[in-house]
Amino acid sequence: MSFDTQSINKQRQNLDEYEQIWVFGYGSLIHKVDFDYIRRRDACIYHFARRFWQGSHDHRGTIDAPGRVLTLVPAEGERCFGAAFQVTKDVFAHLDHREKNGYLRHEIDIHFSHDEKIKGLVYIGEPDNVAYLGEASIADIAQQIFSSVGPSGANKEYVYALAEALRAHNEPDEHVFAVEAALLAYED
Ligand code: BEZ
C-alpha cells in the first residue's frame, strides 16, 4: 500500500448513496475541527479502542522521525467515545487529504444513545499500511511522542489536548491517560 491513500479512499464508498453523511472522530476531531459541518453530536462506536499505533510522518513527526498518532484497533466489547459530524460529501476531499498517510475510510455504526444509531464513516490506519508502527509499551510510545515534532506541532501536544478533551467530556480512556501520564513524567 502506498503512503498516499487519497485515491483509494475516493473509491471506497459511494457517498451519493447516503441520505445523511456522518463522520466519526475519535482523536483531535473531538476538540478541533477544520471543516464546515451541518451538525455535531457526541457519539460512540463499539468494539474498537484507541491506540497510538499509527505513525505520523506528515503532521506530528517527519519522514525521518515519525510521531505516533491514533488509530483504532478491534476490541470486542469496548466502547470508544468520540464526536460525530454530519457533513456534505465535499468534506471528504479535505479529510482524505489530511489523513492520506495510511488511513482508510470504513463504514461503521455510530451510536448517539442506546436506541439511536446511524451508519457513518471513520478513518482507520490498519496494520497493513506503510505508516503503521504497531504495538509498543506505554514507555516506548511516550518516549517517541515526547521527542517528535512535525508541521502540525509537537506530538505531545496532540496527546495533552486529547486527554484534556476526554476529561472535559467525562470520558476516561485508559490508554490515552497512561501515555499522557508517562509524557508528564518526562516534563519534570
Ligand atoms: C480524529 O478523530 O481526529 C481522526 C483520527 C484519525 C483519522 C482521522 C480523524
Side-chain angles (χ1 to χ4, degrees), residues 1 3-6 8-10 12-13 15 21-37 39-61 66-75 78-87 89-112 118 120-134 141 145 148 150-169 171 173 175-176 179-180:
M1 183 182 296
F3 248 90
D4 191 333
T5 48
Q6 285 180 100
I8 304 170
N9 271 324
K10 244 188 234 160
R12 279 175 73 82
Q13 292 93 20
L15 298 174
I21 311 174
W22 288 81
V23 60
F24 180 78
Y26 51 96
S28 56
L29 285 182
I30 294 174
H31 59 87
K32 195 180 80 186
V33 188
D34 59 355
F35 53 81
D36 291 331
Y37 55 88
R39 197 145 66 115
R40 179 205 184 279
R41 297 182 71 182
D42 286 352
C44 68
I45 58 172
Y46 288 99
H47 311 303
F48 283 96
R50 270 179 277 266
R51 292 289 181 268
F52 292 104
W53 290 3
Q54 177 72 5
S56 179
H57 305 76
D58 53 350
H59 288 299
R60 299 288 178 170
R68 277 182 176 261
V69 289
L70 288 174
T71 187
L72 292 173
V73 298
E78 292 283 320
R79 169 183 170 279
C80 177
F81 167 80
F85 299 89
Q86 188 187 352
V87 294
K89 66 180 181 192
D90 47 290
V91 164
F92 286 92
H94 166 72
L95 283 174
D96 288 354
H97 180 261
R98 200 185 86 168
E99 307 302 345
K100 64 184 186 302
N101 193 33
Y103 289 96
L104 292 180
R105 284 190 229 143
H106 293 259
E107 193 174 80
I108 197 146
D109 284 338
I110 300 174
H111 296 255
F112 297 121
I118 195 160
L121 299 172
V122 64
Y123 288 81
I124 301 177
E126 294 182 303
D128 65 351
N129 84 81
V130 288
Y132 192 76
L133 296 176
I141 289 174
I145 289 175
S148 296
S152 302
N155 201 174
K156 66 181 183 179
E157 299 302 339
Y158 167 87
V159 180
Y160 293 154
L162 173 68
E164 205 50 52
L166 291 172
R167 267 193 291 279
H169 284 91
E171 288 284 351
D173 182 303
H175 179 76
V176 174
V179 172
E180 180 198 32

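Every number for a ligand or one of its atoms is a count from 1 in the order of the listing. Every value quoted in this text rests on a predicted model; they were computed, and no experiment measured them. For the single chain, residues carry numbers from 1 onward in sequence order.
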Report yes or no: do Q54 and N129 form a side-chain donor-acceptor pair below 3.5 Å? yes
Is there a donor-acceptor contact under 3.5 Å linking the side chains of D96 and Y123? yes
Using a strict cut-off of less than 4.0 Å between a Lys/Arg side-chain nitrogen and an Asp/Glu carboxylate oxygen, indicate whether D42 and R40 qualify as a salt bridge. yes
Find all atoms of ligand 1 within a distance of less than 4.0 Å from any non-hydrogen atom belonging to [X], and give their numbers and elements.
X	result
S28	1 (C), 3 (O)
Y123	7 (C), 8 (C)
G25	2 (O)

Heteroatom distance test (Y26, ligand 1): nitrogen or oxygen, under 3.5 angstrom: yes
Using a 4.0 Å heavy-atom cut-off, say whether F24 meets ligand 1 through its side chain, its backbone, both or neither. neither
Is the distance between the ring centroids of F85 and F35 under 6.0 Å? yes
Only one of F81, F24, W22 forms a ring pair (Phe, Tyr, Trp, His ring centres under 6.0 Å) with F112, so which one is it? W22
Report the nearest protein non-hydrogen atom to atom 1 (C) of ligand 1: residue, atom name, distance rounded to 0.1 Å. G27 N, 3.3 Å
